[in-house]
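Inspection log for the structure reproduced underneath, given as structure tokens.
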Amino acid sequence: MINLGMVKGSFYRKSLILVLIITCLPVTLISIGLYYTGSDRIVNELNKAHQIQLKQSIQRLDDYLSHLELYSAQLGFNPGFDISLTEIDFHQQFQRTDELLRSLALMQNSNPLISSVALYLKDSNKVIGDDSGVRTLSDEAERKLFQSLLDPNKGIYWIHSIHPVHLPDMARHGVIIKLPGGTQKEAYGAFIIYINQSALNNMVQKLTSGAGVAFLMDHQDRQVTDSSNTEGIRGLEEELRDYVRNDNLLENTFVYEWQGESFSVSYGKLSRLGDEFTYISATPLSQIMAPVSAMVRTILLVSTFGLFMALLLSWFASRRIYHPIRRLTKVFQSFKDGEPVANDELAYIERQWQRQLEQSEQLYRKVKQSIPSLREGFMLQLLEGHLYYLSDKELAGKMKELDWDTENKQFAYVAVQLSGMSSYDAASEKDKQLISFAAANIIEELCSSSRELFHVINFQDLSIGLFLIVDGSTDPIEIKEKLTKLANDFISALNKVLRMNVTIVISRTSRHIGELPELAAQTRQALRYREIDPCNQLIDMDDFLLAGHQPVRFPFELEREIVHAFSIGMEEETLERISRFMQALQKESSTELIVHQGMMKLLGSMWDAVLKSGANPYILYQGEDLYEQLQAIREPGEMLDWFRNKLVAPFIQSLSPSCDPELKAAIDQLLLRIREEVQSDISLEGYAEQMQMSPYKLSRAFKQITGENYVDYVTRLRIDKCKELLLKTDLKINDIAEMLRYQPSHLIRLFKKSEGMTPGQFRKRHSS
């Protein structure tokens with residue numbers, strides 16, 4: 001850094017010349033007075049400057065800790081780290097594991113105080129770190145240590161000593177963030193942020209300069225930072241710690257004598273990260289007063305050279321004039337990124353001042369830019385009902401912090417559901433997210449033209465939530481008219497741009513913020529009562545009435561036919577009947593809820609058939625949760641495709657007996673027995689018992705090898721036998737029916753269905 005006492009710019013030279021021109025005896029007398037009265041003032045000013053610089057350093061330290069605390073709070077409430085982490089198989093789901101490790105690595109670079117970040121999961125007994133990977137806690141002591149991190153009632157708290165799982169001998173300071181966020185005692189895991197000791201030491205060391213000391217203690221008087229390795233300085237640290245702890249000081253700044261030297265000591269407390277920290281800074285007074293000593297020597301030198309009194313006093317006056325400029329220049333140069341002083345000090349100060357204003361403006365813009373993400377997290381917490389413990393006044397205060405004025409306001413919620421996704425060929429889950437993103441942007445753009453406050457929530461599943469704040473003095477009827485017009489604009493724009501059908505539900509208005517979770521839940525639930533037919537729908541919750549009193553007839557007969565065809569491996573018949581089943585549901589009730597519940601019941605019946613078949617569902621469907629998959633589908637076309645590809649096709653493929661020569665030989669042998677015993681009282685169940693297999697398995701194998709059902713095959717053989725007896729014997733139809741184990745009327749009906757004529761007509765035609 002340039003020595004400002006030796007190098008001066010053009011402003012100083014100009015001011016010195018001016019003073020020399022106008023100086024006179026009064027100036028000399030004034031200069032003498034300044035010698036006696038100015039010293040104390042300079043000392044005070046230097047002390048003030050030192051205190052200001054110290055406060056700025058303390059503020060920077062507090063800002064870093066505050067940023068770390070805010071980051072920890074956001075981390076604990078991040079919906080991306082929910083309880084689903086406890087269900088991850090880190091060895092099988094390597095892609096999810098890799099993404100998690102990358103996220104932890106990015107967290108490390110988010111704050112200079114962070115050395116590393118680890119995630120502890122209690123149920124899986126694992127610790128995941130960006131530098132240690134995925135580790136299982138095998139040692140009982142380590143397991144108890146990490147489980148103890150979840151005991152405190154605080155959601156975020158400071159821990160004095162904790163070691164990384166891969167470095168058991170290296171204890172560090174850390175911050176614990178329980179998951180889920182908040183003060184819930186039942187936590188499934190925690191984030192562990194290991195503190196960068198070197199960075200923390202450097203920040204605290206900036207509270208002093210030269211031979212001074214500065215350190216930080218927690219609420220138990222344990223030293224958090226080290227200021228120096230010198231034994232003498234450590235003695236000063238211990239004395240200051242005991243002095244501050246044992247004496248009831250009225251002021252947080254005092255002078256302390258140690259080993260013949262005076263130190264200006266400042267201390268205070270910072271409440272951050274669930275703990276209370278005490279900082280202590282001691283700077284030698286000789287270092288603070290160094291500029292004063294230089295000034296006294298200069299004035300004595302001026303007094304010695306009396307012949308040059310006017311010149312020297314003029315020089316001193318010019319220094320006084322230049323002093324504010326020097327202070328400002330020194331302040332700007334004290335910044336870490338300060339540039340050297342140019343020839344023109346005023347131009348330099350102007351540039352630096354402009355630079356500070358730009359940095360302040362950038363910081364302000366960053367704060368403003370972070371507000372939308374904070375709003376997003378707050379609204380998700382509010383609408384999901386996680387902030388139930390806060391009163392309306394507390395909620396209003398939090399919303400005011402997010403630039404939302406809720407005083408004398410009314411609140412409404414609008415739920416938007418897109419449908420018709422099945423019309424897109426090969427649409428994937430990523431396509432749904434893209435369409436949801438586009439729809440949310442369209443809705444946000446349309447809402448921006450109105451003067452009401454709003455917030456759009458994208459649920460990433462073709463559904464969007466819209467939270468509105470309107471003037472409390474507006475008539476409810478007028479509010480409904482505005483919301484209806486806005487909803488129609490949504491429908492028109494989404495139809496035109498995305499070419500999808502839209503269902504919109506408008507909630508009732510409320511003056512209480514605490515009622516918003518209930519409004520949102522009721523509004524989203526009403527989406528399930530939309531018409532399943534492809535059309536645009538607008539539902540007003542004030543006029544909405546659940547039609548639960550109307551009876552709904554369930555197509556049980558079709559369900560039995562589907563299960564039977566599915567069980568014996570008739571793929572085309574199964575799919576055709578599933579389509580008819582859905583049409584029957586839509587005919588009985590056109591609401592999405594009834595149709596979806598009917599398809600869920602059908603899935604249960606077909607799942608029961610899979611279990612009865614003896615197949616292993618876990619292997620057959622690769623461990624997927626079919627109920628969860630069907631629960632997420634809303635479109636009829638998507639449901640039919642899902643039944644075809646996810647449920648029916650894998651099961652039918654597993655039934656193929658072509659690779660089982662023993663089963664094929666058994667069916668061939670059964671066909672010979674049926675031909676020989678066609679006139680006997682034969683049944684599929686009897687043969688299945690003799691062959692020691694289930695009727696389901698025998699029926700499926702029979703159908704797939706012969707190409708027809710067991711009953712149709714036996715009926716065809718008996719009709720052929722009936723025709724033979726009609727032509728070669730004179731037996732009456734009643735006798736033939738008794739031989740074939742049929743009732744005469746039933747045999748006549750089967751014969752006519754097969755040959756297009758009665759047995760008597762057949763005998764008469766062929767006998768002639």
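Bear in mind that the values here come from a model prediction, so they are computed numbers and not experimental data.
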[X], [atom1] atom: more than 12 neighbouring heavy atoms under 6.0 Å:
{"X": "Glu624", "atom1": "CD", "answer": "yes"}
{"X": "Gln679", "atom1": "CD", "answer": "yes"}
{"X": "Glu738", "atom1": "CD", "answer": "no"}
{"X": "Glu755", "atom1": "CD", "answer": "yes"}
{"X": "Tyr627", "atom1": "OH", "answer": "yes"}
{"X": "Glu677", "atom1": "CD", "answer": "yes"}

If I compare all heavy atoms of [X] with all of [Y], which pair ends up nearest, and what's the gap?
{"X": "His455", "Y": "Ile457", "answer": "CD2-CG1, 3.7 Å"}
{"X": "Leu630", "Y": "Met639", "answer": "CD1-CG, 4.3 Å"}
{"X": "Met757", "Y": "Gln761", "answer": "CB-OE1, 3.3 Å"}
{"X": "Phe490", "Y": "Cys447", "answer": "CZ-SG, 3.6 Å"}
{"X": "Leu740", "Y": "Cys722", "answer": "CD1-CB, 3.7 Å"}
{"X": "Ser754", "Y": "Ile719", "answer": "OG-CG2, 3.9 Å"}

If I take atom [atom1] from residue [X] and atom [atom2] from residue [Y], how far apart are they, to the nearest 0.5 angstrom?
{"X": "Gln583", "Y": "Leu558", "atom1": "CD", "atom2": "CG", "answer": "9.5 Å"}
{"X": "Ser694", "Y": "Glu689", "atom1": "OG", "atom2": "CD", "answer": "12.5 Å"}
{"X": "Met606", "Y": "Lys601", "atom1": "CE", "atom2": "NZ", "answer": "12.5 Å"}
{"X": "Leu647", "Y": "Trp642", "atom1": "CG", "atom2": "CH2", "answer": "5.5 Å"}
{"X": "Ser463", "Y": "Gln417", "atom1": "OG", "atom2": "CD", "answer": "5.0 Å"}
{"X": "Glu518", "Y": "Leu383", "atom1": "CD", "atom2": "CG", "answer": "13.0 Å"}

Can you name the residues that form a salt bridge (Lys or Arg N to Asp or Glu O under 4.0 Å) with Asp608, not counting sequence neighbours? Lys612
With a 3.5 Å cut-off and no angle check, do the side chains of [X] and [Y] form a donor-acceptor pair?
{"X": "Thr136", "Y": "Lys126", "result": "yes"}
{"X": "Glu515", "Y": "Ser510", "result": "yes"}
{"X": "Gln690", "Y": "Arg673", "result": "yes"}
{"X": "Gln460", "Y": "Ser436", "result": "no"}

Looking at side-chain heavy atoms only, is the closest gap between [X] and [Y] below 4.5 Å?
{"X": "Met599", "Y": "Phe643", "answer": "yes"}
{"X": "Pro650", "Y": "Tyr621", "answer": "yes"}
{"X": "Asn495", "Y": "Val502", "answer": "yes"}
{"X": "Leu486", "Y": "Phe454", "answer": "no"}
{"X": "Leu670", "Y": "Asp668", "answer": "no"}
{"X": "Asn709", "Y": "Ser699", "answer": "no"}
{"X": "Ile736", "Y": "Pro759", "answer": "no"}
{"X": "Arg580", "Y": "Glu561", "answer": "yes"}

How far apart are the C-alpha atoms of Asn536 and Thr503, what are their side-chain angles, what is the distance that settles it, and do they pass the side-chain contact (heavy atoms from CB on, under 4.5 Å) test? CA-CA 6 Å; Asn536 297 317; Thr503 301; over 6 Å; no
Name the residue from Asn734, Ile733, Thr729 that meets the side chain to side chain contact (heavy atoms under 4.5 Å, CB included) definition with Leu731. Thr729
Quick check on side chain to side chain contact (heavy atoms under 4.5 Å, CB included): which of Leu446, Ile442, Ile464 does Leu494 satisfy it with?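 Of the listed options, the one satisfying the test is Ile442.
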Cation-pi, Phe566 ring and Arg577 (6.0 angstrom, 45 degrees):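 Judged by the rule, Arg577 and Phe566 form no cation-pi pair.
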Both conditions, 6.0 Å and 45 degrees, for the charged tip of Arg718 above the ring of Tyr742: are they met here? yes
Residues Asp735 and Lys732 bridged, charged N to O under 4.0 Å: no
Decide, yes or no, whether a salt bridge links Asp489 with Lys485 under the criterion of side-chain N to carboxylate O below 4.0 Å.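 The answer is yes: the pair qualifies as a salt bridge.
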[X] side chain vs [Y] backbone, donor-acceptor pair below 3.5 Å:
{"X": "Thr523", "Y": "Leu519", "value": "yes"}
{"X": "Asp540", "Y": "Val505", "value": "no"}
{"X": "Thr484", "Y": "Lys480", "value": "yes"}

Go through the steps for Thr715 and Leu717 under the test side-chain contact (heavy atoms from CB on, under 4.5 Å), then give the verdict. CA-CA 5 Å; Thr715 301; Leu717 290 182; over 6 Å; no
What pairs with Phe378 under ring pair (Phe, Tyr, Trp, His ring centres under 6.0 Å), at least two apart in sequence or on another chain? none
Parallel, tilted or perpendicular for Phe411 and Phe467, by the 30°/60° rule? parallel
Let's go through Met500 and Ser419 carefully: what are the C-alpha distance in whole Å and the side-chain angles of both, what is the deciding distance for side-chain contact (heavy atoms from CB on, under 4.5 Å) to 0.1 Å, and is it a yes or a no? CA-CA 6 Å; Met500 296 184 68; Ser419 57; 5.8 Å; no
Determine, using ring centers only, whether Tyr710 and Phe702 are less than 6.0 Å apart. yes
Passes side-chain contact (heavy atoms from CB on, under 4.5 Å), Leu418 versus Asn501? Steps please. CA-CA 6 Å; Leu418 301 176; Asn501 298 314; over 6 Å; no
